[in-house]
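Start at 1 and go down the list; that is how both ligands and their atoms are numbered.
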Amino acid sequence: MKKKYVVPAVLSSALIVSSFTASSVLAVNVPETANVQAQKEWNENANVPIFVKEKFAEKHTTNKASKAKAHLQNNKQTYGIENAEENLDVKDVQTDELGMTHVRLIQTKDGIPVEGSEVIVHYNENDELVSVNGHHNPEIDSTTLDTTPDISKEKAIDLAKTAVNAPDQLDYEPTSELVIYPFQEEHYVTFKVNLTFTTDEPGNWFVFVDANDGTVIDQYNTISHAKHGELHKSVGTGVLGDHRKIHTTKVKEPKSGTQFTLSDNSHEGLEGIYTYDVNTGEIATNNSASWKDEYHRPAVDAHYNSEKVYEYYLNEHDRNSLDDEGMAIVSRVNYGDNYNNAFWDGRQMTYGNGDGSFMVPLSAGLDVAAHEMTHGVITNSANLVYRGQSGALNEAFADIFGALVDEDDWEVGEDIMGPDAKADGRTALRSLSDPSKFPVNEDYVPYSNNGGMYPSHMDEFYELPTDLDNGGVHINSSIINHAAFITGEQIGKEKLGQIYYRALVTYLTANSNFSDARNAIIQSAEDIYGEGSEEALAAADGFDQVGIYE
Ligand code: ASN
Ligand code: ZN
């Protein structure tokens, strides 16, 4: 039996979740001032309080953003943020359906953002500041950095293109933004360059180019390359046969006559749902309103599942599309050759058709579509860095919402496995209920001691280097997946979705780790269902049982 986390009986009505870390957790001292009701809970292992509850009575405020900064400034002792007024920029202010307001701030130096260092200040419906969380990098303030770039942002783009072997033709105008990048104990002033392209090895690259000497400090791709396809080779079964109702557009062209396209403009406030065929580069088109050709099946599924996922986020979470502002939902199908994967490239979804042996066209999986679209939701919310634990959280949230949208089971990818995979016992890609029923890629086996299966407890964590699956983003995600499953079994999928969604959009930040996820998820459960509620206890129990105790 693993250590059991016991929720204290006495809980104040408001919380501060202060888990400030750069690379380590910093001590947080609560100021003993008259307007503070403070209560601490000690993290016995780390011997620092990382979970502090307090309530600051604040007068009604018209400008919460400046209030938030002033609070951090005035309580420098507690938070350890030097000169918050000057060194934090407001990124976003949002009020949620509970009436709470969340001010998201990003750390800066000389006006330049520090990559991944975000702090969120939360106010309750009475405008009282109730909690603060995030990651702040205290070393930056005392580090001397030359923040005037010696190379141009265009030069940085060129260097980045060379570094990742980008083709001439990119999918989008590259972006290049000056950021301070903490990397391997050092701090660099860099251009963060984003390059997106669709070659045989598709890329959504982030490259950090030193702004002074043009050296590439670091780079990563959020699209990984499937190796599954090499396992078997035979002929596929084709697709499913489900009958789908889909929204399309009827177009009358003088030359070609009446045509129908997979463009769905039926949702008010949404810019539309569009499904493109990579083979033509156009929106999938048919001569008839009946889409029965074998050829169109992957497109029909992508289109249909996009709408399902859109409706899930709208109906369950009042979220209007991936950015919550009605952005168009775009998918591409028939990608690649025997391509056993699907991906979100930072802006849209792309689906391969599988090799017919290991996988069938991936758009057939509602959970696959929900997984990829959730990456889009994450890009537009917590924006979890696709590396190490934050990357594994990114993957876990994608899997968890996959299993919530495609609600019949706790498996991911069960509808897209091909005949040979199934014959081999690979009946799904991953399992939230029992991660260890499937083996990981053989290259990863030596990095854990659990016999080469997906992990379901921190004892089985895969210590992978960053060049293997970005540090195990698709592997260690299973630990969080399993925590969600345990909670979901106790309170049901609907409440699980409410809690995890709130954690994702309200508390998690770019550099959040597993411990932050525990705090964020328990806090979210308490916000919605109350402290000490069955739901909050179930949320904590999920993390306890996978060995994430604080
Ligand atoms: N299907 C994969 C995923 O969404 C693609 C990737 O490697 N990012 O995680
Ligand atoms: Zn993913």
Distance filter under 4.0 Å to [X] heavy atoms, resulting ligand 1 atoms:
X      : result
His375 : 3 (C), 4 (O), 9 (O)
His371 : 3 (C), 4 (O), 9 (O)
Glu395 : 3 (C), 9 (O)
Ala342 : 1 (N), 2 (C), 5 (C)
Asn341 : 1 (N), 2 (C), 5 (C)

Any chance the side chains of Asn340 and Asp355 put a donor and an acceptor closer than 3.5 Å?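 Per modelled atom types, Asn340 and Asp355 side chains form a pair under 3.5 Å.
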Is the number of heavy atoms from other residues, nucleotides or ligands under 6.0 Å of Glu407 CD greater than 12?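 No, not enclosed.
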Salt bridge or not between Asp171 and Arg347? Use side-chain N to carboxylate O under 4.0 Å. no
Atom pair OG/OH of Ser331 and Tyr351 - distance to nearest 0.5 Å: 4.5 Å
How long is the gap from OH on Tyr462 to OH on Tyr454, to the nearest 0.5 Å?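 Nearest 0.5 Å value for the OH-OH distance: 9.0 Å.
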Sorted by first residue and then second, give each side chain to side chain donor-acceptor pair (under 3.5 Å) pair with at least one member in residues 159-170; sequence neighbours left out. none
Metal-centred angle, OE1 of Glu395 through the Zn ion (ligand 2) to NE2 of His371, rounded to 10 degrees: 80°
Side chain, backbone, both or neither: which applies to Tyr386 and ligand 1 if a contact is any heavy-atom pair less than 4.0 Å apart? side chain
Got an N/O contact under 3.5 Å between Phe343 and ligand 1?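 Checking ligand 1 against Phe343, no N or O pair falls under 3.5 Å apart.
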